[in-house]
Every structure is written in C-alpha cells, then in structure tokens.
Protein chains: 2
Amino acid sequence: MTNILKLTLACYTRLVGTQRAPGLAKAKRTLKWQRDPEGMRLRILEAAKQEFSAHGLAGARVDRIAAKAGANKRMLYYHVGNKDELYLAVLEGAYDKIRSEERGLDLEHLDPPEAIRRLIEFTWNYFLRNPEFLSLLQTENLARAKHLKKSTKVKSMHSPFVEMIRTVVRRGVDSGDFQVAVDPVQLYISIAALSFFYLSNSATLSVIFGRDLLDKKAKEERLAHMVGLVLAALTGQSAALFEIAKTPKSRAAVVQAV
Amino acid sequence: MTNILKLTLACYTRLVGTQRAPGLAKAKRTLKWQRDPEGMRLRILEAAKQEFSAHGLAGARVDRIAAKAGANKRMLYYHVGNKDELYLAVLEGAYDKIRSEERGLDLEHLDPPEAIRRLIEFTWNYFLRNPEFLSLLQTENLARAKHLKKSTKVKSMHSPFVEMIRTVVRRGVDSGDFQVAVDPVQLYISIAALSFFYLSNSATLSVIFGRDLLDKKAKEERLAHMVGLVLAALTGQSAALFEIAKTPKSRAAVVQAV
DNA sequence: GGAGAAATTAACCCGTTGGATAAATACTGT
DNA sequence: ACAGTATTTATCCAACGGGTTAATTTCTCC
C-alpha cells in the first residue's frame, strides 16, 4: 500500500557524517550510520509521544514511531521496550514535565486573588502549549489508568499545586480577600477542569457551536471567563472581579449585555 | 489464542423458540434462528456503544461487537455499515439521547439560583448515569471530531441549555439574584467542564491523589463544591451559598477549616 | 404450498502489525 | 591494530482484524 511511501516520506532523516576523521591522509570510507544511544532514546520517546497523543494507545503504530524517530523498529525494543512500556515511559515523561514546571511557579509573594489568577493562567497556558499532555491523559483515562497504576514513579510525583492552593486560600481567608475556605483538592480539580475540558473537547464543541473555539478571541474570552468565575466565587465580588479581566476586549465579551 | 474462548463466553446468547407453531399436529422442526431485524439492529448498536466506549475507535474489535450482540459479524455490515459508520451511528445516538433528556428539564418556573443548581445536578447525574457518553466524547475528541464533522444530523441537534441559561441569567440579573451577566456559552461549557473532567479523568486523578474519587462521599462533596462555586460566582454570596449545600455532611466537607 | 425476498450463518481472504531473529557495522579499551 | 562489545540494520513471521463471498434458513405473499 501507500503506507511504506508515507513512512519513508515522514521519516526523520538522520544525517550521518560522510567522512570520518577528515584530517587523516587516507580518506576513510563513508559511514553508514553513527552511534548515538542517548539521542536515539530521546528521539524515540519524542516520536512515541507524538504518535500516542495523535492516535491513542491502540491506534498508535510501532512502525510509525520508528520512522518518525529516524530509527529501525528494532531500536524501540532495544532502548525502551515493547509498545506498552514505550507508552508508559511517554506518560511518565509527561507527568514529570508538568510537575517540574509547576514547581517553578512561585505564588508565595502574591496577594491571594493574584495568586489564583496566576494559577489559572499557568494551567491554561500549559495545556495550550502541550496539547499532547491532554491527549495522553484522555487516552490513559479511557484505559481507566491501567498503566498509570503500575507506575510507582508517577504515584510519587505529587503536584505542588494542592499545597500551594491550601496556603493561598488560608491567606486569603485570613486577609479577608476570600469569603470561603474551599477544599484545595476540589479547587485544584475545578481549575484544571475549566481549562482541560474546554481544550480537550474543543473539537466536538466547535462543531456543536458552529464556531472555532480555538481562535485568538475565543481563547481570550475563555481565560477571562475562568478567572472571573473562580475569583468571583472566592471573593464574592462578582461584578468587580469579572471586570478586572486583563484586556478591555475580553472584559467586554465576558460582561456582555445578555 | 484465548480470544475465541473469550468471545464465546461473552457472547450474548439469543434464545430461539424451540418449536414453531406448537399447535400444529405435525411438530415442526426446531428453528435454528429467528428473524428480528429491528431487535438485531438495536442489539448491534448497544454492543457497539459498549465496545467503542470501552476501547475507543481503534481499540474496538468488530468481532467483539458481533459476539456481544449475539450476532454474526456479517450482520454489522448488513444492518449498519462498516466500522466507521457503526461508530458514527453510536455517536449520533449518544447525542440524540442527551439532547432528548435535556429538553425534558424545565427551568422556567424556578428562581434563578435554583435553576442553575438543577442544571448542574442534571449534568452531573447524566454523566454519572451514562459513562459511555463521556468515553465516546473523549474518543471523538482524540480524533479531533473527524467523524462528527461529517454528521449533519448532530450538527443540527442544538442543546437547549444555552438558551435556557441565557434566559435564567437574564432573569437572575433582573431580579438582583445575580450580580453578573455571564456569557451563556461560557457558563454552559464551565458547568459541563466541572462534571466532565472530574468523572472522565477520575481514573488518573484517583491514582494521583491516592484515593477513590468515585466513592459515595467523594461524589457528594464534588457536587456540593460545583454548585457552591458556580452559584457563589453568580450571586456574590460566597459564604452563604456554599452553605446551602444539601446535606450537612457534604456542606461540612466543602466549607471545611483549611 | 411454494416462489421469491429478507435475514442470517459459515467460511474465507489478505493486508497489517507487534514482535523476534540474525547479521552487519561502529565504537572502545588495550 | 584488533578483539570484544554496543548499537544499528535487514528480514522474517505468525496472529490478528476488517471486510467479503457464498451458501442457508426463515418469512411473506399469493
């Protein structure tokens, strides 16, 4: 079929040095390939991430991963393992990455409402920048977390956000900024939910609503809405808080005449 | 492999009348099978719904669908079509069902806060009662709504909720119950998001948090949290509204000391 | 009661796919 | 320079899986 053709075209072409040690008088013969175990492993995992997020676990094709990685299929098994192990490695990498970025977020020195805003913005932007993460989570949940349960590594990678939220909420209640001491786990899930669902389901929602939920304006409106909703709930200053949406444009969209 | 065995075991056994027209003097020979085109079609679609929601599009197996339906594989193609057409039929059926139930929800005669609460409770309970719907949406979104885009049927099935919300919000602002005239599409998406994400991602979240998010208590807390969050945002009565959570138990959980 | 259509069964086809085996090539230390 | 090991390529294959073909059985209408 045309499959072989596609694979060849999509194939990452590894450039191999044509001459080795060009300084030598006797020109060495052309190398057919080079060793690069670390690079190979990284390229395999990156290709696998793309493949699994684009097609899910069952839909992913081992041959395509190999082709995208510019490798021979045998290399996947040599460097990582079989399809399932490859998938789990990708999943663990994805969690590792987000946890690491989460830890970089410093909310301590911000006043509570601003801290919550930052939290929402980070979540939103991270999901926007890493759509494969959303897909991988969806895939894993369709599998009822069968693979994740086997990963002691992921189980030990706790998100720092729950504790961050707990602290911020406590501070907010103390300072009088917040009216209610919400459960940090619930709030964490809700903040994730507002962004996650919008983005992960944007394809079907766009069809249903007959408009593109991912264009610039729509995304601005969404972010403003989410920030307004959560902060209004916490502070009780609904009208005022929906107003502080960053841009006049998005503010107008959120606080529109109904 | 053991596959054949599994299929046989899982197979829906269609009971066939052993005797036809038992009143006749001459006992007719035993029927090997009976005709039942409508029933067959329904059983096929039901089996397909289970299979697609359990395994996704690529992971679904045509043979398993046939076995579950108590049918021959050939029947799928005879009554519905190939795998893709089968999948689309299931998807359309799922949308048809939720739209129909949505239309049954009457919010006109309720005061605005109560109407919003009902809306959230309906969404939450519908997702709880129809987990396959969540899975199907996830699957379709992983496919970037490729199939849904081809369905004129679904495109024309608008949810009545957006207009319901628009009316309710308008009434709420007029009556002074609500402080802010939120975009009904955004609110619709947010309400769906809060339930959808929690349930569709409960598997991975349960692993991450190390506890079962689907047990009775957790579900009560979640519902109370969602209602509190949305109503607090709309009314600005944060503390008061988080308090009106139905049960004392769940209320205590939501408005807990941090 | 029987002919023709509708519904169902049974068996087969063939490209795909995950995985395995074996051979070749590139490095590394001595 | 060369032996030994690590890395990569080149083939192969048995099972699977969607889809098809052809034969069988039931039902309906005259």
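The figures that follow rest on heavy atoms only: side chains count, while hydrogens, waters and symmetry mates do not. Only a predicted model underlies this, so the values are computations on that prediction, with no experimental measurement involved. Quick note on labels: first sequence line is chain A, next is B, and so on, each numbered from 1.
In this structure, A:Ala58 reaches neither bases nor backbone, as no heavy-atom distance under 4.0 Å exists between it and the strands shown.
Judged as a ring pair (Phe, Tyr, Trp, His ring centres under 6.0 Å), and not counting sequence neighbours, the contacts of B:Phe209 are A:Tyr188. Residues forming a side-chain contact (heavy atoms from CB on, under 4.5 Å) with A:Ala94 (at least two apart in sequence, or on another chain): A:Phe133, A:Leu136. The salt bridge (Lys or Arg N to Asp or Glu O under 4.0 Å) test applied to A:Lys73 returns A:Asp63, not counting sequence neighbours. By the side-chain contact (heavy atoms from CB on, under 4.5 Å) test, B:Leu105 pairs with B:Leu107, B:Leu119, B:Phe122, B:Phe161, sequence neighbours left out. A:Ala47 is linked by a side-chain contact (heavy atoms from CB on, under 4.5 Å) to A:Ile65, A:Lys68, A:Ala69, counting only residues two or more places apart in sequence or in another chain.
Within residues 87-94 of chain A, no residue places a heavy atom under 4.0 Å from DNA chain C.
Atom pair A:Leu76:CG and D:dT9:C1' shows a separation of 13 Å (rounding to whole Å applied). Between the C1' atom of D:dT8 and the CZ atom of A:Arg35 lies a distance of 9 Å, rounded to the nearest Å. In this structure, A:Ile44 atom CD1 and C:dG18 atom C1' are separated by 15 Å, rounded to whole Å. C:dT16 atom P lies 16 Å from atom NE2 of A:His55, rounded to whole Å. The nearest whole Å value for the distance from the NZ atom in B:Lys32 to the C1' atom in D:dA23 is 12 Å. Between A:Arg41 atom CZ and D:dT7 atom C1' the separation is 15 Å, expressed in whole Å. Per the geometry, OH belonging to A:Tyr78 stands 18 Å off P belonging to C:dA23, to the nearest Å. When the C1' atom of C:dT17 is taken as reference, atom CZ of B:Arg61 falls 11 Å away, rounded to whole Å.
Residue A:His79 has no polar side-chain atom (N or O) positioned under 4.0 Å from OP1 or OP2 of D:dA6.
The side-chain hydrogen bond (donor to acceptor under 3.5 Å, both in side chains) contacts involving residues 196-208 of chain A comprise A:Thr204-B:Asn141, where partners must be two or more places apart or lie in separate chains. Screening residues 124-136 of chain A for salt bridge (charged side-chain N to carboxylate O under 4.0 Å, His left out), with sequence neighbours left out, gives A:Lys49-A:Glu132, A:Glu101-A:Arg129.
Listed for the A:Glu92 side chain is no donor-acceptor partner under 3.5 Å among the backbone atoms of A:Ser151.
Aromatic rings from A:Tyr87 and A:Phe52 are positioned such that their centres are separated by under 6.0 Å.
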Under 3.5 Å, which N/O atoms of the protein pair with N/O atoms of nucleotides 19-22 of chain D?
unit_1 : atom_1 : unit_2  : atom_2 : d
D:dG19 : OP2    : B:Tyr77 : OH     : 2.9
D:dG19 : OP2    : B:Lys83 : N      : 3.1
D:dG19 : N7     : B:Lys73 : NZ     : 3.1
D:dG19 : O6     : B:Lys73 : NZ     : 2.5
D:dT21 : O4     : B:Arg74 : NE     : 3.1

